[in-house]
Engineer: 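This structure is in structure tokens; I'll ask about it shortly.
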Amino acid sequence: MATERTLSIIKPDATARNITGKIIDKLETAGLRIVAQKRIKLSEERAGEFYAVHKDRPFYNDLVSFMASGPVVVQVLEGENAIAKNREVMGATNPKEAAPGTIRAEFAESIDANSVHGSDAPETAKEEIAFFFSDDEIVG
Ligand code: RTP
Ligand code: MG
């Protein structure tokens, strides 16, 4: 197993409910280490660029408005198998299908307001980390 880095976003529904600490606790308990973190507000343009891979999907406009609707906490997480591990701790996209104990099972409100984002593969992780952080902002 290799040490990996992945991009995590704590979404606006979670910052609005003041539960970033509860989510971070789940990530750290799973063995993921926060090596970069900032709280920001995405413009619709930035959110649209971030989720450009979904631009032809029916949920794209709602997703972009939601991601720009309030503050988010963006993080780089590091650990063994960090990409898959983070996806496991997050749980399924739809909280109704998320395994018990996962972040989305415990905290997500809906498939849209589902509390967290996580990169889905090594190539996207690399791109998404570079989208938000310069090398000197990441301290391993
Ligand atoms: P994310 O990218 O946010 O980590 O979520 P994901 O990989 O689990 O899901 P993805 O397929 O990449 O979709 C991105 C986000 O779009 C919203 N979505 N809505 N209404 C729908 O059918 C639908 N499908 C996806 C979700 O908020 C999802 O997190
Ligand atoms: Mg995704």
Side-chain angles (χ1 to χ4, degrees):
M1 275 199 286
T3 299
E4 288 178 334
R5 285 178 175 174
T6 190
L7 186 89
S8 163
I9 305 178
I10 302 178
K11 294 185 178 182
D13 65 287
T15 58
R17 284 177 288 144
N18 207 24
I19 56 169
T20 59
K22 289 180 176 167
I23 290 172
I24 288 168
D25 183 42
K26 292 265 193 203
L27 299 172
E28 291 184 338
T29 300
L32 294 162
R33 184 173 294 271
I34 299 166
V35 296
Q37 175 168 268
K38 56 189 165 192
R39 179 179 170 100
I40 55 171
K41 172 86 162 54
L42 289 170
S43 63
E44 295 228 355
E45 192 185 2
R46 272 295 269 173
E49 202 185 324
F50 182 76
Y51 275 116
V53 63
H54 295 309
K55 68 179 183 307
D56 297 325
R57 309 285 289 278
F59 57 81
Y60 178 72
N61 287 340
D62 287 346
L63 174 62
V64 168
S65 329
F66 170 65
M67 290 302 288
S69 68
V72 297
V73 175
V74 291
Q75 304 167 312
V76 179
L77 306 177
E78 185 178 83
E80 292 295 316
N81 253 340
I83 298 166
K85 188 177 282 180
N86 183 41
R87 301 281 300 183
E88 197 181 309
V89 184
M90 287 163 59
T93 310
N94 184 344
K96 288 182 185 149
E97 290 161 15
T102 60
I103 292 168
R104 283 166 167 168
E106 287 197 16
F107 303 120
E109 298 179 306
S110 66
I111 192 168
D112 301 301
N114 64 0
S115 302
V116 279
H117 163 85
S119 307
D120 57 14
E123 195 48 45
T124 48
K126 208 171 165 215
E127 287 168 12
E128 291 178 0
I129 289 168
F131 187 88
F132 287 111
F133 294 98
S134 57
D135 286 347
D136 65 359
E137 292 177 308
I138 305 170
V139 183

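Atoms within a ligand are numbered from 1 in the order they appear, just like the ligands themselves. Keep in mind that this is a model prediction, so the values were computed, not measured. The first residue in the sequence is number 1, and the count goes up from there.
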Engineer: Looking only at heavy atoms, which two atoms of Val74 and Phe133 are closest? And how far apart?
Structural biologist: O-CZ, 3.5 Å
Engineer: Any side-chain heavy atom of Ile34 within less than 4.5 Å of one from Leu27?
Structural biologist: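 They are not in contact (no side-chain heavy atoms under 4.5 Å apart), so the answer is no.
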Engineer: I need the single residue from Arg57, Arg46, His117 that forms a side chain to side chain donor-acceptor pair (under 3.5 Å) with Tyr51. Which is it?
Structural biologist: His117
Engineer: So, are Glu137 and Lys38 salt-bridged, with charged N and O less than 4.0 Å apart?
Structural biologist: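 Counted as a salt bridge, because a side-chain N and a carboxylate O are separated by less than 4.0 Å.
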Engineer: Backbone N or O of Phe107 within a donor-acceptor pair of the Arg17 side chain at under 3.5 Å?
Structural biologist: yes
Engineer: Between Asn114 and Thr93 (side chain of the first, backbone of the second, donor and acceptor by atom type, cut-off under 3.5 Å), is there such a pair?
Structural biologist: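 Side chain of Asn114 to backbone of Thr93, a donor-acceptor pair under 3.5 Å: yes, one is there.
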Engineer: Anything with a heavy atom under 4.0 Å from ligand 1 counts, so go ahead and list those protein residues by chain and number.
Structural biologist: Lys11, Tyr51, His54, Phe59, Leu63, Arg87, Met90, Thr93, Arg104, Ile111, Asp112, Asn114, His117, Gly118
